[in-house]
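Counting starts at 1 for both ligands and their atoms, following the listed order. Computed over heavy atoms, backbone and side chain alike; hydrogens, waters and symmetry mates excluded. In this text the structure is predicted, and so the values were computed from the model without any measurement. We number each residue from 1, following the sequence as shown.
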Amino acid sequence: MAYNILVTGGAGYIGSHTVLQLLLGGYNTVVVDNLDNASDIALERVKELAGDFGKNLVFHQVDLRDKPALENVFAETKFDAVIHFAGLKAVGESVQKPLLYFNNNLIGTITLLEVMAAHGCKQLVFSSSATVYGWPKEVPCTEEFPLSAANPYGRTKLFIEEICHDIYRSDSEWKIILLRYFNPVGAHPSGYIGEDPRGIPNNLMPYVQQVAVGRRPHLTVFGTDYSTKDGTGVRDYIHVVDLADGHIAALRKLSEANIGCEVYNLGTGKGTSVLEMVAAFEKASGKKIPLVMADRRPGDAETVYAATEKAERELSWKANYGVDEMCRDQWNWASKNPYGYGSPDCTN
Ligand code: NAD
Ligand code: WQD
């Protein structure tokens, strides 16, 4: 019998790509999303891309903090596992509005965990982040590194990781996988789904993409005096389809006995600088990205990339795509959808 998977935040960037891989993998998939930072068009397109498997997707527009509504979703379907993406993720906004982030991310997660426990669903995959490594003293970052939070967003990830460890300590029936994503970029190779941030993008590649389609005049490069190959910050960019496949690997792991509460990095293990990423995008798109060099962005680390051995060994998963494919697919999405899922008059 097919597995039933609940995906919170499944209309979002990483969620929509993961839902597609789940459907194609034969999973029945129920999405809960309040559409605060997503469009239901993404799920319509996922359904189309999934072909015959599209019928196995159900969507509920529900806020995770609405416990009665979430109870109804669990009453309708017996879930084998939950993949929990739903949360707010803008670092700068979290500094301005910490209570919004604590309310949404923490209360949303606690409500979800309570409802899961009440319905006997004790298998969880959670979206954590490389942000929990703070400014790492060395690279690559292994899962055993000391953790820290530089902002309220990162603190929600740290807290939720701790909450998950405590829950497992209190009840060993739980199986929990905490996935620490590095820098997800790119889009599905069809160019039909991708990242569509609201307002001014915070992250590098959505910004580059909007410069390429003429929505913004230039990219500001934050920091040119780091001790890196070209002075700009180095990150571990990972293709969103590789990341989505990492969740399927995590689900397979959940079916093993006694896995406890385990943490895995999802990255490529390779560091790429801002200027290298821009050059790769220019090559893929044939577009020139005008640059304005600026000071470092407060709170930014210099170099962050993943140790990938644990995920390779224990999840039998590793990233397949490199930065050229990431940029090719990002451009394919951007050129086909210059205004994302919206139209020119409903963006800023
Ligand atoms: P996203 O904003 O595209 O997706 C998150 C989804 O959750 C959105 O569709 C939003 O509408 C929904 N949501 C938010 N709060 C909700 C609530 N209370 N109830 C129901 N739905 C809610 O973000 P993403 O990039 O797809 O990220 C998914 C997860 O991965 C997030 O938890 C994020 O913190 C984490 N993460 C993202 C990155 C990244 O760079 N994109 C890196 C590391 C970790
Ligand atoms: C990458 C590099 C910037 C924008 C953030 C979150 C982290 C995680 C992933 C969720 C850095 C430079 C960026 C720009 C630039 N998200 N940059 N100009 O900072 O590694 O991580 O997203 O968990 O928590 O902090 O990603 O894409 O913002 O930046 O020069 O306009 O690009 O300085 O070196 P970051 P990013």
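Taking only nitrogen or oxygen atoms, main chain and side chain alike, Phe182 does not reach within less than 3.5 Å of ligand 1. Taking any N or O of Asn203, backbone or side chain, none lies under 3.5 Å from an N or O belonging to ligand 1. In terms of polar-atom proximity, Val32 is not counted as a contact of ligand 1, lacking any N or O under 3.5 Å from an N or O of the ligand. Here's the thing with Leu64: one of its N/O atoms is less than 3.5 angstrom from an N/O atom of ligand 1. When only interatomic distances are considered, the shortest N/O to N/O separation between Leu204 and ligand 2 falls below 3.5 Å. Annotation: Ser129 places no N or O atom under 3.5 Å from an N or O atom of ligand 1; distance criterion only. For the pair Arg235 and ligand 2, the shortest N or O to N or O distance falls below 3.5 Å. Where the criterion is an N or O separation shorter than 3.5 Å, residue side chain and backbone included, Ser128 fails it with respect to ligand 1.
Which of Gly15, Ala86, Pro184 comes nearest to atom 40 (O) of ligand 1 through a heavy atom is settled by distance: it is Pro184. The closest heavy-atom contact to atom 12 (C) of ligand 1, among the options Asn202, Asp33, Asp40, comes from Asp33. By heavy-atom distance, the residue among Phe222, Phe182, Tyr133 lying nearest atom 14 (C) of ligand 2 is Phe222.
Seen from the ring of Phe102, Arg155 does not count as a face-on cation partner, given the 6.0 Å and 45° thresholds. Within the cation-pi definition used here (under 6.0 Å to the ring centroid, within 45° of the axis), Arg296 does not qualify as a partner of Phe222.
Ligand 1 does not have His84 within reach: every non-hydrogen atom of the residue lies 4.0 Å or more from it. Heavy atoms of Lys89 come nearer than 4.0 angstrom to ligand 2 in no pair at all. At least one heavy atom of Tyr237 sits less than 4.0 Å from an atom of ligand 2. At least one heavy atom of Asn104 sits closer than 4.0 Å to an atom of ligand 1. Distances shorter than 4.0 angstrom do not occur between any heavy atom of Gly10 and any atom of ligand 1. By the 4.0 Å heavy-atom criterion, Tyr153 is counted among the residues contacting ligand 2. Look at Asp63 and you'll find a heavy atom under 4.0 Å from some atom of ligand 1.
Using a 4.5 Å cut-off on side-chain heavy atoms (C-beta onward), Arg180 and Leu266 make no contact. Asp33 is not listed as a side-chain neighbour of Gln61, based on a closest heavy-atom distance of 4.5 Å or more.
Of the protein's non-hydrogen atoms, the one nearest atom 12 (C) of ligand 2 is Val274 CG2, 3.6 Å. Annotation: atom 24 (O) of ligand 2 to nearest protein heavy atom, Thr131 CB, 3.2 Å. Remark: minimum distance from atom 18 (N) of ligand 2 to any protein heavy atom is reached at Thr220 O, 2.7 Å. Of the protein's non-hydrogen atoms, the one nearest atom 31 (C) of ligand 1 is Phe85 O, 3.1 Å. For atom 33 (O) of ligand 2, the closest non-hydrogen atom of the protein is Asp300 OD2, 2.6 Å. For atom 8 (C) of ligand 2, the closest non-hydrogen atom on the protein side is Ser129 OG, 3.9 Å. Nearest protein neighbour of atom 5 (C) of ligand 1, counting heavy atoms only, is Gly87 O, 3.8 Å. The single protein non-hydrogen atom nearest to atom 22 (C) of ligand 1 is Asn34 OD1, 3.2 Å, given as residue, atom name and distance. For atom 28 (O) of ligand 2, the closest non-hydrogen atom of the protein is Arg297 NH2, 2.8 Å. Among all protein heavy atoms, the one lying closest to atom 25 (O) of ligand 2 is Val91 CG2, 3.4 Å. Closest to atom 37 (C) of ligand 1, if we only count protein heavy atoms, is Ile14 CD1, 3.8 Å.
Looking at every heavy atom in both residues, Asp236 comes nearest to Phe182 through O-CB, 3.4 Å.
Transitive grouping of hydrophobic side chains (ILVMFWY, heavy atoms separated by less than 4.5 Å) brings Ile200 and Val274 into a common cluster. Under the 4.5 Å side-chain contact rule for hydrophobic residues, Trp331 and Tyr321 do not share a cluster. Hydrophobic clustering (ILVMFWY, side-chain heavy atoms < 4.5 Å, transitive): Ile248 and Ile177 are in one cluster. Cluster membership check: Leu254 does not share its hydrophobic cluster with Trp174, using side-chain heavy-atom separations under 4.5 Å among Ile, Leu, Val, Met, Phe, Trp and Tyr. Both Val7 and Leu20 belong to a single network of hydrophobic side chains, linked directly or stepwise wherever heavy atoms of I, L, V, M, F, W or Y lie under 4.5 Å apart.
If you check the side chains of Asp80 and Asn4, you find no donor sitting under 3.5 Å from an acceptor. If you check the side chains of Thr232 and Tyr226, you find no donor sitting under 3.5 Å from an acceptor. Side-chain atoms of Tyr13 and Asn203 form no donor-acceptor pair, as typed in the model, at a separation below 3.5 Å.
Annotation for Asp295: atom CG does not count as buried by contact number, only 12 or fewer foreign heavy atoms lying within 6.0 Å. By the 6.0 Å contact criterion, NZ on Lys229 is enclosed, its count of non-hydrogen atoms from other residues, nucleotides or ligands being greater than 12. Within 6.0 Å of the CG atom in Asp52, the count of heavy atoms belonging to other residues, nucleotides or ligands does not exceed 12.
Residue contacts with ligand 1 for Val62 involve N, CA, C or O but no side-chain atom from C-beta outward (heavy atoms, distance under 4.0 Å). Looking at Asn203 against ligand 2, both its backbone and its side chain come within 4.0 Å, counting heavy atoms. For Val234, no heavy-atom contact with ligand 2 is shorter than 4.0 Å. By the criterion of a heavy-atom distance under 4.0 Å, neither the backbone nor the side chain of Thr8 is placed next to ligand 1. With a 4.0 Å heavy-atom cut-off, ligand 1 is reached by no atom of Ala130. Contacts of Val304 with ligand 2, taken as heavy-atom pairs under 4.0 Å, are absent altogether. At a heavy-atom distance under 4.0 Å, no atom of Glu195 approaches ligand 1.
Near Val221, meaning under 4.0 Å from one of its heavy atoms, ligand 2 places the atoms 30 (O). The distance from ligand 2 to the heavy atoms of Gly233 drops below 4.0 Å at these ligand atoms: 34 (O). Less than 4.0 angstrom separates some heavy atom of Asn202 from each of these atoms of ligand 2: 4 (C), 28 (O). Which parts of ligand 2 touch Asn183 is read off a 4.0 Å heavy-atom cut-off, strictly below it: atoms 20 (O), 21 (O), 26 (O), 35 (P).
Glu282 has a carboxylate O that lies under 4.0 Å from a charged side-chain N of Lys288, or vice versa, which qualifies the two as a salt bridge. Lys253 has a carboxylate O that lies under 4.0 Å from a charged side-chain N of Glu256, or vice versa, which qualifies the two as a salt bridge. Under a 4.0 Å N-O distance rule, the pair Lys283/Glu276 does not qualify as a salt bridge. Taking the charged nitrogens against the carboxylate oxygens, Glu173 and Lys122 do have a contact shorter than 4.0 Å, which makes a salt bridge.
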Review point. When you look at Asn37 and Arg198, which way does the side-chain hydrogen bond (donor to acceptor under 3.5 Å, both in side chains) test go after all the steps?
Key: CA-CA 7 Å; Asn37 195 38; Arg198 299 208 166 143; 4.7 Å; no

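Considering CG of Leu178 and NE2 of His165, their distance stands at 5.0 Å, rounded to 0.5 Å.
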